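Note that this is a predicted model, so its numbers are computed, not measured. Numbered from 1 within each chain, the chains take letters A, B, ... in sequence-line order.
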There are 2 protein chains.
Amino acid sequence: MDGREAVPPTVQADVAVVGGGVVGLGIAWEAARSGRSVVVVDPAPGTGASFAAAGMLAAVSEYHYQEEDLLGLTLESARLWPGFAGSLGAETGYQSTPTLCVAGDAADRQALADLRAVQEAHGLGVRALTVREARSLEPMLAPAIAGAFEISADHQVDPRRLVAAILGRLGEDRIVRRRAQALVWAGGAGDARVVGVLLDDGREVRAGETIVANAIGARDLAGLPVPLPLRPVYGDILRLRVPESLRPLVTATVRGLVRGKPVYLVPREDGTLVIGATQREDGSDAVSAGGVYELLRDAQALVPAVAELELYETTARARPGTPDNAPLLGRVAAGFGPAGAADDGGHVPGLIVATGFFRHGVLLTPAAARICVELLDGRTEERWDAFRPDRFARIPHETHASYGRTA
Amino acid sequence: MDGREAVPPTVQADVAVVGGGVVGLGIAWEAARSGRSVVVVDPAPGTGASFAAAGMLAAVSEYHYQEEDLLGLTLESARLWPGFAGSLGAETGYQSTPTLCVAGDAADRQALADLRAVQEAHGLGVRALTVREARSLEPMLAPAIAGAFEISADHQVDPRRLVAAILGRLGEDRIVRRRAQALVWAGGAGDARVVGVLLDDGREVRAGETIVANAIGARDLAGLPVPLPLRPVYGDILRLRVPESLRPLVTATVRGLVRGKPVYLVPREDGTLVIGATQREDGSDAVSAGGVYELLRDAQALVPAVAELELYETTARARPGTPDNAPLLGRVAAGFGPAGAADDGGHVPGLIVATGFFRHGVLLTPAAARICVELLDGRTEERWDAFRPDRFARIPHETHASYGRTA
């Protein structure tokens, strides 16, 4: 609006969300629905891990031993998904089709059976199928599979459509297509608080609350009161087209274990298929030839007709891993911030962290959004304490010398 | 130049080449160098099989049993390659690096050894290497390979750079970016001849000689005096990037036989690698998931570090196959044309066919160009008679009723 050479104007909002992937957009959507003005800061919304993600909503089949805290969160989010999807109309590709967990060989079957015992101990519904039963449900499964388990509670959404749906609902004027460089702090001793973010074009977004939800990118945001122990876990994802003569290839999401390695096949309504499951920590965001090979090999072991499909896209992206594979979600204890700066709950004022969702970003989006809005409302639930973003840090003896940019 | 609604002008040239792949462009380049004005007709030059091709110049290692006629042509073209590449400067990526033929197992080694006996009987230089010798030349070869043969006469070029080099030399005003619909015939009984092509925008290209060099697309060109028995043989081609830490992955072109299946790995100067060799006649120009899988599997069997590369492009294209796998190259006997229409050599006047090059399009480009220019000069060589484009047709008892569009 101003002249080109003038200092650019500050953007104002009740809530600034840093990060326009599914998590950031989900939070922004719920915050907007709560009546707040919201701005999302992202140079290219929806092009990170959300662009690659298959969109499985797999609280049950993604359960891993010893991850009970996480299970509470994933089940809560799975419960929220239908309502969350419903708030966005039919545009998200949300489908309540079931999930089949398929074993490549006898050892894989034993591993899935052992896991099922733990899943059932947690009250999760897992139905054992014979090979015959599994193949009557999904005739394209290989005759040589060793067994299968049906999980009717695990569903799917299309993350690309979800991103587009939320972006469309928020409106382009709510999206600031710049990179956030640093948190902006204001106030002095006793009343310091986060008041927004500095953009890479020199502008600021000023907001009552700033939510850091930019996945692995949070590592590069200056001015955080605690370091966020995030590491990139790369995955290769294939997108294939099923020729008319082979449709439907499968109707359920097929999650396999093949010689101990996971692979999943997620069928979309439009006749395409998403195949994934590689996890690499090799620092490369390029598609791995070895990863593509293993995905195609293991997918064919479960569904041989995969060889007949068109491979039309290969993608690799980094997901934000944490030391305990659980998210960094909540406010930061005041002790990590400037001396004396604390809100009523004893936290750094103006700041919420929501990252580190690892393999569960899409599944956990409604729960992350719900929890963030509760925090905006001044409410906290003790059961989510396990995810506080400062749990890996120690409160320093002395106050930090500086917090990025101070207004 | 004219008003938008006016009838578009006719394009004039000494020679019209239908098809802007490597073969068509190579012919156009040699025709232009012979002093003729040339026009190339192609809606999207260089985007067909030339876009996918690895660019192996493999007269020796591509030799197949019983294809002696073809061998004469491929050897002639290999002989012409250095001069042809030299006429275009250093821009074509032409490299005289050798080729290693590598056997995956003992049966593959026997097959390569049997072929070598025939190759040597034809005077072709093939050197048997022990596994130790092969791995000292190319340390990234798998220890488990069964043997190798070195063919120093088989080289490579980069077809995409070749296309760009010729397009640049010809100049954009020599390229008509339209589809050729039909041959245009002129004259009546006794002096009928091909005088150019009709474009899909209604314009005509008028030329003293028309050369049909649009690969599989020649099937759709109306007005040909003989049917051209072309079939599409699809191939999947992968392009990968070698990380700095693994360069050079290989220095020679590696052609493998793995459990009886061919695979090749062609290293480029820029640190990329082209992998190919699938042949599909399934009618699909989409990349085959099964094809990609087999290429990666067999390439890793020869060079395990292929798993560490970045897969950045997958392409599928159709090559024009013929019943005897040899090209359709030359003039058409006058008996197939309108009654009485014949040039001094007894052929349909104004028309040359140059298609059906199958797997050998890049290799055969200089020979095709040389032979076409000789035909333009009114010269013919008996040794190329085996490739006459009407060899699968019978001269009809009655004259054809119509030849596409008659001027």
Side-chain angles (χ1 to χ4, degrees), chain A residues 52 140 142 234-247 249-250 258 261 263 265 267 271-276 278 280-318, chain B residues 52 140 142 234-247 249-250 258 261 263 265 267 271-276 278 280-318:
Chain A
M140 295 295 224
Y234 296 90
D236 304 302
I237 299 266
L238 314 180
R239 283 178 160 78
L240 304 95
R241 195 164 285 120
V242 182
E244 288 289 347
S245 59
L246 290 174
R247 293 189 192 181
L249 187 79
V250 288
V258 181
K261 285 201 167 189
V263 64
L265 299 81
T272 62
L273 184 76
V274 184
I275 297 182
T278 60
R280 298 182 283 106
E281 304 199 26
D282 57 4
S284 170
D285 60 1
V287 173
S288 155
V292 172
Y293 166 72
E294 289 178 10
L295 290 176
L296 290 172
R297 179 192 64 196
D298 295 344
Q300 288 179 77
L302 301 179
V303 181
V306 163
E308 311 303 320
L309 309 192
E310 170 192 354
L311 176 63
Y312 73 90
E313 190 185 307
T314 58
T315 319
R317 290 292 187 278
Chain B
M140 295 295 224
Y234 296 91
D236 303 302
I237 298 266
L238 315 180
R239 283 179 161 77
L240 303 97
R241 195 164 286 119
V242 181
E244 288 289 348
S245 58
L246 290 174
R247 293 188 192 181
L249 187 79
V250 287
V258 179
K261 285 201 166 190
V263 62
L265 298 82
T272 62
L273 183 75
V274 185
I275 297 181
T278 60
R280 298 182 283 107
E281 303 198 28
D282 57 4
S284 170
D285 60 0
V287 174
S288 154
V292 172
Y293 167 72
E294 290 177 9
L295 290 176
L296 290 173
R297 179 192 64 195
D298 295 343
Q300 287 179 76
L302 301 179
V303 181
V306 163
E308 311 302 321
L309 310 192
E310 170 191 353
L311 175 64
Y312 73 90
E313 191 185 306
T314 57
T315 319
R317 290 292 188 277

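At a heavy-atom separation below 4.5 angstrom, chain A is approached by B:R297, B:Q300, B:V306 within residues 297-306 of chain B.
Of all heavy-atom pairs between B:S288 and A:A307, the closest is OG-O, 3.6 Å.
The most heavy-atom pairs under 4.5 Å with chain A, out of B:V292, B:V287, B:T314, come from B:V287.
Rounding to the nearest 0.5 angstrom, the gap separating the CG atom in A:L311 from the CG atom in B:L238 is 9.0 Å.
Both the backbone and the side chain of A:Y293 come within contact range of chain B, each with at least one heavy atom under 4.5 Å from a heavy atom of that chain.
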